[in-house]
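One structure, as structure tokens, below. Some questions next.
In this text the structure is predicted, and so the values were computed from the model without any measurement.
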Amino acid sequence: MSDTHSGVFYITTPIYYVNDRPHIGHGYCTILADVLARFHRLFGQETYFLTGTDEHGQKVQEAAVKRGMSSQAHVDDMHRHFRDLWPTLHVSNDDFIRTTEPRHVRVVQHALQLLWDRGLIYRGEYEGFYSPRVEKFFAADELVDGKCPETGGEVHQIKESNYFFRMSQYRDALVAHIHAHPDFIRPESRRNEVLGFLKQPLQDLCISRPKARLEWGIPLPFDPDYVTYVWFDALLNYCTAAGLYLDDERFAHLWCGVHHLIGKDILTTHSVYWTTMLMALELPLPRHIIAHGWWLVDRTKMSKSLGNVVDPLAMKDKYGVDSLRYFLMREMVVGLDADFTEEAFLKRHNFDLANDLGNLANRLAKFVQRSMGGVVPAPGEGSGTPHDDDLRAMATGLPARVRELVEDLRIEAAVEAVMNLVRRINRYVAETEPFKVIKTDPAHAAGAVYHALEGLRFALNLLAPIMPGKCSELLAAIGAPPPVTSLDALRWGDLPAGAAVTLQDAPFPRHEVPTFQAADPGAAPAPARKPGKAGAAAREAGPSGAPGPADATPAPMGVAQAGVASGDPSAAPAKVTYDHFAALDLRVGTVLAAEAVAKSDKLLRLDVDLGEARPRQVVAGIAKAYAPADLVGRQFLFVANLEPRKVFGLLSEAMVLAGHDDDGLAAFSPLRPLPAGAKAS
RNA sequence: GGCGAAGUAGCUCAGACGGUAGAGCAGGCGGCUCAUAUCCGCCGAGUCGGGGGUUCAAGUCCCUCCUUCGCCA
């Protein structure tokens, strides 16, 4: 990113779909954008940081209907899940855009009218198969067994008149641009992916939906019977916030430094749809499109359609927002996938933050408080050892190195570079031994402590974009000035002698790394598994340490079986206390919908009303016993608090209880109808 | 099937321009005691997925095969 050395740094996250609950994927992307924004502010660049919510589309409309409220009221409520979350994660966005805001509607309609006037949008016939769940059209040959190729859900054949954007004519220009700007799409593997995609002819893009089918969208300015396709609407948010068609000067100023941070799942929409839209609108293309990877939690990708979530709120509440931010930035290489396990998280927290950084601050502070009157000592002539120069050289050379790495998006390497300074300071303390020298040579002991504290101040300032809260606190606690606002202002020797060192408690308390034991059938129940921990537990705790079968996940298929189950019936399970039984959340659920799972002859996908705000998805291995149509409206017994599990790509959020014999399965059902969600005991 | 990426110590991963394999964690040994049983030092022969090739020299370039993953609206 050599071209970011000066000028504006305008960083965007995707706008998040308002129907989702925020999960680690949203959290990571937004925190990464925040870290980049904070670093670029430190680099002295004017920085503008945008995030927001995507609020139109079919699913919003449906969810609103289900809740019995207007679509607007629904999104007004839902967007808070995101907007209110970011401050708690120390996200410093300058703006939060909602696609339902008048400022945005205006820009979308203006852009559409412009393209319509220029003949870049035309009306045409569309024929295809529509999947409501993903809001996409598919050609006949794309369907899998007549079902949606992405979800296996129902599709409807639709023939309708629609409006199309002449995307096809921009293919050559786009390919040329990507070749001319090798780092336009990052990382390189994603760039290759887009180039590969563009080897085929590019089609025109359908940018409308008839109002008869979907009302909740921005009306086309030139045909009120249609609303705008959500992507065409959503992508323009980046321009709206910069002032397009409102404040030309401001827009031109910000837009020349725009960087889009996205997940790899929306690479095509950004690098093809969006860039050709910009070409058609005769606007400059973004500097960079940066596609990050996914966090794999229990070997399952986090995604909006699966709904499996590790709640970032829960992680930060448990261990602190700064540790969470540190882990996310240190562990993931931008662009690649990474595993999220609580064990890895706690190791980072304990080793890097508690042992190295926190302990360094603590050991220095306690020593100063005990032996140096509780104030930063005078540097004097230093420690009287050659290590001073070495330490100072490393610290003062670090800002430039960190900047280089951050501009190259190697955040994990930048973090590691700073942590190497922290480790160097710990070594420096061992080398200069101020705690020994103080008895014989107090001036040199003071000098050594000053050097160590000053080195620590450098490290904390360079980590401040990652951990803004803790770094500010710690700087204050060691008597240092507040975090610098520009790296140029980070100068060796600015730590004022005589300032009070007030640090009291260990800044990063250690947490025990839980050990997960094999689920011994005769033993007490295993400790409650933490979110995202099951995979690692299985890997490490398989019987006799054999990882194979555990990894292959013989998976409860969303159905528990009683009766003559396979195995040895004489091996009766150990008795459990009533409390153990009561820990199970057994409830009556009403099947709202049922359908076969693609590529499986055993599984059914059920939507089950368990008396909650929204139905749960249950993947049950009962397809051989029941036809989907026979289940709808019937009630069965479910385990409602079983850890959710992905089966055949679908998240199963509860387990149906059934017995079986040689003739197959029989699910347990109440003898008379009960309210959905009724507890069983 | 087409295109692309990855396969390096028990684990997680680094390894611009080709020159006799590195870090962290885990494990072993030792040291210090200011500090959160923390910190510091020492200990790593791992066919760098298999095979072939180019080269004085190849995880590092070329070919091929295997495995895993991604993209193909």
Phosphate contact (B/C39 OP1 or OP2) by A/N355 side-chain N/O below 4.0 Å: yes
Sugar-phosphate only, base, or nothing, as touched by A/D505 at under 4.0 Å among non-hydrogen atoms: nothing
With sequence neighbours excluded, residues passing side-chain contact (heavy atoms from CB on, under 4.5 Å) with A/V227: A/R209, A/K211, A/L214
Sugar-phosphate, base or nothing in reach of A/F508, heavy atoms under 4.0 Å: base
Set of residues satisfying side-chain contact (heavy atoms from CB on, under 4.5 Å) with respect to A/N420, sequence neighbours excluded: A/M394, A/E416, A/R423
All side-chain contact (heavy atoms from CB on, under 4.5 Å) counterparts of A/E125, not counting sequence neighbours: A/K159, A/S161
Sugar-phosphate, base or nothing in reach of A/P434, heavy atoms under 4.0 Å: nothing
Integer angstrom distance from the P of B/U20 to that of B/U12: 28 Å
Residues that A/E431 engages under salt bridge (charged side-chain N to carboxylate O under 4.0 Å, His left out), provided they are two or more places apart: A/R424, A/R427
Touch class at under 4.0 angstrom, heavy-atom based, for A/R427 against every strand present: sugar-phosphate
What donor-acceptor contacts under 3.5 angstrom involve side-chain atoms of residues 470-479 of chain A, with partners at least two apart or in another chain?
{"residue": "A/K470", "atom": "NZ", "partner": "A/P507", "partner atom": "O", "Å": "3.2"}
{"residue": "A/S472", "atom": "OG", "partner": "A/P468", "partner atom": "O", "Å": "3.1"}

Short heteroatom pairs, N/O only, protein and nucleotides 67-71 of chain B, under 3.5 Å:
{"residue": "B/G70", "atom": "O2'", "partner": "A/R190", "partner atom": "NH1", "Å": "3.1"}
{"residue": "B/G70", "atom": "O2'", "partner": "A/E193", "partner atom": "OE1", "Å": "3.3"}
{"residue": "B/C71", "atom": "O4'", "partner": "A/E193", "partner atom": "OE2", "Å": "3.3"}

Touch class at under 4.0 angstrom, heavy-atom based, for A/L202 against every strand present: base
Could you go over nucleotides 60-62 of chain B and give all protein N or O partners under 3.5 Å, atom names and distances?
none

Inter- and intrachain pairs under side chain to side chain donor-acceptor pair (under 3.5 Å), touching residues 196-206 of chain A, at least two apart: A/Y122-A/D204, A/S168-A/D204
Qualifying salt bridge (charged side-chain N to carboxylate O under 4.0 Å, His left out) pairs with a residue from residues 364-377 of chain A, counting only residues at least two apart or across chains: none
List every contact pair, protein side and nucleotides 31-35 of chain B side both N or O, where the distance is under 3.5 Å.
{"residue": "B/C34", "atom": "O3'", "partner": "A/R370", "partner atom": "NH1", "Å": "3.4"}
{"residue": "B/C34", "atom": "O2'", "partner": "A/R363", "partner atom": "O", "Å": "3.0"}
{"residue": "B/C34", "atom": "O2", "partner": "A/R363", "partner atom": "NE", "Å": "3.1"}
{"residue": "B/C34", "atom": "N3", "partner": "A/R363", "partner atom": "NE", "Å": "3.3"}
{"residue": "B/C34", "atom": "N3", "partner": "A/R363", "partner atom": "NH2", "Å": "2.5"}
{"residue": "B/C34", "atom": "N4", "partner": "A/R363", "partner atom": "NH2", "Å": "2.9"}
{"residue": "B/A35", "atom": "OP1", "partner": "A/R370", "partner atom": "NH1", "Å": "2.4"}
{"residue": "B/A35", "atom": "OP1", "partner": "A/R370", "partner atom": "NH2", "Å": "3.0"}
{"residue": "B/A35", "atom": "O3'", "partner": "A/N362", "partner atom": "OD1", "Å": "2.8"}
{"residue": "B/A35", "atom": "O2'", "partner": "A/N359", "partner atom": "OD1", "Å": "2.5"}
{"residue": "B/A35", "atom": "O2'", "partner": "A/N362", "partner atom": "OD1", "Å": "3.2"}
{"residue": "B/A35", "atom": "N1", "partner": "A/R363", "partner atom": "NH2", "Å": "3.3"}
{"residue": "B/A35", "atom": "N3", "partner": "A/N359", "partner atom": "ND2", "Å": "3.4"}
{"residue": "B/A35", "atom": "N3", "partner": "A/R363", "partner atom": "NE", "Å": "3.0"}

Dot-bracket summary - RNA chain B, pairs being Watson-Crick or G-U whose distances fall under 3.5 Å, with | when paired to another strand: (((((((..((((........)))).(((((.......))))).....(((((.......)))))))))))).
Test ring-ring contact (aromatic ring centres under 6.0 Å, His included) applied to A/F345 - qualifying residues, sequence neighbours left out: A/Y319, A/F327
Residue met sooner reading RNA chain B from 5', once A/E416 and A/V272 are mapped to nucleotides: A/E416
